[in-house]
Amino acid sequence: MDKIVITGGNSLEGEIPIAGAKNAALPAFAATLLCPGEFRLSSVPDLVDINTTVSLLKEFGAVISKSLPNVYTVNTEKLSDVVASYDLVRTMRASVLVLGPLLARSGKAKISLPGGCAIGERPINLHLKGFEALGAKIKLEHGYVNAETPDGLHGAKIVFDIVTVTGTANVMMAATAAKGETVLENCAREPELVFLAKMLNKMGADIKGAGTHRIIINGGSELKPVDIGIMPDRVEAGTFLAAAAITGGHLKLTGCAPRDMEVVTEKLKETGCEISEGDDWVEIKGPKRPLPVDIETAPHPGFPTDMQAQLMAVMSIADGPSVITETIFENRYMHVAEMRRMGADITLKDKNAFVRGKISIYGASVMATDLRASASLVVAGLVADGITELRRVYHLDRGYQRIEEKLQKVGADIKRVSG
Ligand code: EPU
């Protein structure tokens, strides 16, 4: 199995182009199931999760080809099946995003119920409650969700008990086929949802309010395929900002969307980073040693849980103590034990991580059980004394397009070793 080997201590300098966002591309692929025809998706990141989505859509009968790097043609003229198997869903929870579009188009869908996940229990009860309010009949049998719409879908008022990103996306997609008006309350406000609504509106849907707590969908319009470019990945960009902050580096990130990452750049400014930005670029100069900052994760526009681990790596060498509070997922501290093996001084109590910044940390063999935890160990490895070997690289490959090549180009001593 591949591993990433990093010799820490190099300061980073140069430009990094930012890829399309994984969490915008996954719902965009799912949305192609909503109507027959040929879609063109560009700026699609080169990730294992995208390959999994492509396999999933092919199981339903979609014909998919990659015409250029990062450009996919997805033909959903004919759907042959509406079953998403356990084998695919267990490798990627976001597979659940096909449920809304399949119900909307075919009136039925059967997908494996995603099990628990390394970062938390992550149920999908709110997705299902939303579909039921729209008129779907749902049965949970033998580890599968069986959903049908015997009388079609109709508009409804739905209040999400908890803010859920893919739950909002899934129900919003189903509601495009529901007759009449659907009002979704307590919606997630993530930029990726605004992007999805933009794509659906381009397809002919009538969706207002994406990016606010209330989304209103006037369902039933005929949809048509579109040609769309995926928005930039704010978490990939944020990870490179953390890499600059921890190494005292100087990076310019291009093709990104600084307005979607303000909460992260503001926090990094508090650590002493100098940051300037334009519409689609951001430049960062890391401090000699970061100042400590407290962080509490929250749904957008709060501090993203997907950046918590990377900022914890920065705090591990901060000039003082900090407190990090994870409020979204109950088990998103899998990186802490590994960072401790690199000499970090971190104590966990309930939702809080108490980080006492040290003047330096050291390299070690580490591994992680989820994507962002793996990314945080790469960030830590860039500053650690000596060599860090990161195993289970497949987690990284799910969400970062060749992270080691991008970091090599700006001066990091990092390589992938096979075997
Ligand atoms: N929740 C429920 N019931 C539901 C749905 C969610 O209780 O039906 C709970 C979850 O257990 C969690 C909270 O609500 O405690 C929020 O979860 P959410 O549904 O918002 O998460 P998600 O949609 O499954 C997406 C991203 C995650 C990201 C979270 C939070 C995608 C494909 N995934 O997950 O991305 O961490 O939102 O922002 O968009 C990642 O990229 O590494 C990643 C995990």
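All values below come from the heavy atoms of this structure, side chains included, with hydrogens, waters and symmetry mates left out. As the structure lists them, so they are numbered: ligands from 1, and atoms in each ligand from 1.
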Need the ligand 1 atom indices (1-based, order shown) with element for anything under 4.0 Å from a heavy-atom of [X].
X: Thr166; result: 22 (P), 23 (O), 24 (O), 31 (C), 32 (C), 39 (O)
X: Leu126; result: 3 (N), 4 (C), 8 (O)
X: His127; result: 8 (O)
X: Val163; result: 16 (C), 20 (O)
X: Leu371; result: 42 (O)

- Examine Leu97 against ligand 1 and note whether any of their N/O atoms are separated by less than 3.5 Å.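 The answer is no, given that Leu97 and ligand 1 share no N or O pair closer than 3.5 Å.
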- Contact (N/O only, under 3.5 Å) between Glu330 and ligand 1: no
- Task: Check Thr7, Asn10, Leu12 against Leu382 for a side chain to side chain contact (heavy atoms under 4.5 Å, CB included) and give me the one that passes.
- Result: Leu12
- Would one find more than 12 heavy atoms of other residues, nucleotides or ligands at under 6.0 Å from atom NZ of Lys202?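 Count over threshold, so yes.
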- Applying a 4.0 Å heavy-atom criterion (strictly less than), which segment of Gln308 is in contact with ligand 1: side chain, backbone, both, or neither? neither
- Residues Glu326, Arg332; criterion salt bridge (Lys or Arg N to Asp or Glu O under 4.0 Å); working and verdict: CA-CA 7 Å; Glu326 171 61 50; Arg332 210 167 199 187; 5.5 Å; no
What protein heavy atom sits nearest [atom], and how far away is it?
atom: atom 4 (C) of ligand 1; value: Pro123 O, 3.0 Å
atom: atom 20 (O) of ligand 1; value: Val165 N, 2.8 Å
atom: atom 3 (N) of ligand 1; value: Asn125 OD1, 2.7 Å

- Phe240 and Val410, any side-chain heavy atoms less than 4.5 Å apart: no
